[in-house]
Amino acid sequence: MSPAPDERDRIRVAMNRILSGAPEHSNGALTIVALAAEAQVHRNALTQRRPDLKNDFYDQVRACGQMSDGERRLRRQVRRLKELRAADAQESARLKADVERW
């Protein structure tokens, strides 16, 4: 089954709407899921048939100085894990000091 002839155009128009902050069919998140919803195509249209448009979308997001929602979530998780690691290191040092005193 070949993709609809206007699929590429619909994706480009949807990309422009999301990047300009005027989504009509999605929540406007800077994700492929939102872009597919905005273009009213299946997500695999971007991940399998049109990966060049997916890459272009993420390039434009980065060029605007914005961070994708996925990257934002990952950065938040990394920050949380670093805090937990630091807390664990403090707890480990405290326990070692306790052991040495005995």
Side-chain angles (χ1 to χ4, degrees):
M1 182 172 118
S2 64
D6 64 336
E7 182 178 78
R8 182 175 282 280
D9 294 333
R10 288 196 335 249
I11 294 169
R12 287 241 180 246
V13 169
M15 195 181 307
N16 290 334
R17 282 196 306 262
I18 286 179
L19 291 171
S20 68
E24 296 175 3
H25 306 287
S26 72
N27 62 4
L30 300 174
T31 64
I32 293 305
V33 173
L35 178 57
E38 187 66 29
Q40 296 180 324
V41 298
H42 291 282
R43 187 177 67 196
N44 72 356
L46 291 157
T47 60
Q48 296 174 11
R49 292 193 306 266
R50 308 283 187 219
D52 60 315
L53 292 176
K54 176 190 72 158
N55 295 335
D56 185 37
F57 177 67
Y58 282 135
D59 288 344
Q60 288 186 41
V61 167
R62 281 189 292 278
C64 292
Q66 298 180 32
M67 198 181 312
S68 72
D69 291 350
E71 184 177 353
R72 190 173 292 116
R73 281 192 307 272
L74 286 173
R75 286 183 182 274
R76 197 171 30 244
Q77 185 175 7
V78 165
R79 186 173 38 253
R80 188 177 127 282
L81 290 172
K82 284 182 178 179
E83 290 168 357
L84 287 172
R85 186 172 176 211
D88 285 346
Q90 288 177 345
E91 176 71 7
S92 179
R94 188 186 61 75
L95 290 172
K96 283 180 185 177
D98 287 350
V99 167
E100 288 175 0
R101 277 187 282 179
W102 286 95

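Atoms considered below: every heavy atom in the structure, side chains included; atoms not considered: hydrogens, waters and symmetry mates.
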**Request:** List the steps, then state whether side-chain contact (heavy atoms from CB on, under 4.5 Å) holds for V78 with R76.
**Result:** CA-CA 5 Å; V78 165; R76 197 171 30 244; over 6 Å; no

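- The backbone N or O of A39 sits less than 3.5 Å from a side-chain atom of R10, completing a donor-acceptor pair.
- Hydrophobic cluster of V61: the remaining members, joined at side-chain heavy-atom separations below 4.5 Å, are I11, M15, I18, L19, L30, I32, L35, V41, L46, L53, F57, Y58, listed by chain and number.
- Distance check: T47 OG1 to H42 NE2 gives 11.5 Å after rounding to the nearest 0.5 Å.
- The side chain to side chain donor-acceptor pair (under 3.5 Å) analysis of residues 15-34, with sequence neighbours excluded, yields the pairs R17-E38, H25-Q40, S26-E38.
- The structure places CZ of R43 at 10.5 Å from NZ of K54, a figure rounded to the nearest 0.5 Å.
- Residues satisfying the salt bridge (charged side-chain N to carboxylate O under 4.0 Å, His left out) criterion with R94, sequence neighbours excluded, are E91, D98.
- Judged as a side chain to side chain donor-acceptor pair (under 3.5 Å), and not counting sequence neighbours, the contacts of R72 are D69.
- A salt bridge does not link K96 to E100: none of the charged nitrogens lies less than 4.0 Å from a carboxylate oxygen.
- Between E71 and L74 the shortest side-chain heavy-atom distance does not fall below 4.5 Å.
- The side chain to side chain donor-acceptor pair (under 3.5 Å) search around R79 returns none, not counting sequence neighbours.
- Among residues two or more places apart in sequence or in another chain, the salt bridge (charged side-chain N to carboxylate O under 4.0 Å, His left out) test is passed with R12 by D56.
- Taking both residues in full, the closest heavy atoms of A29 and A34 are given as O-CB, 3.2 Å, listed atom of the first, atom of the second, then distance.
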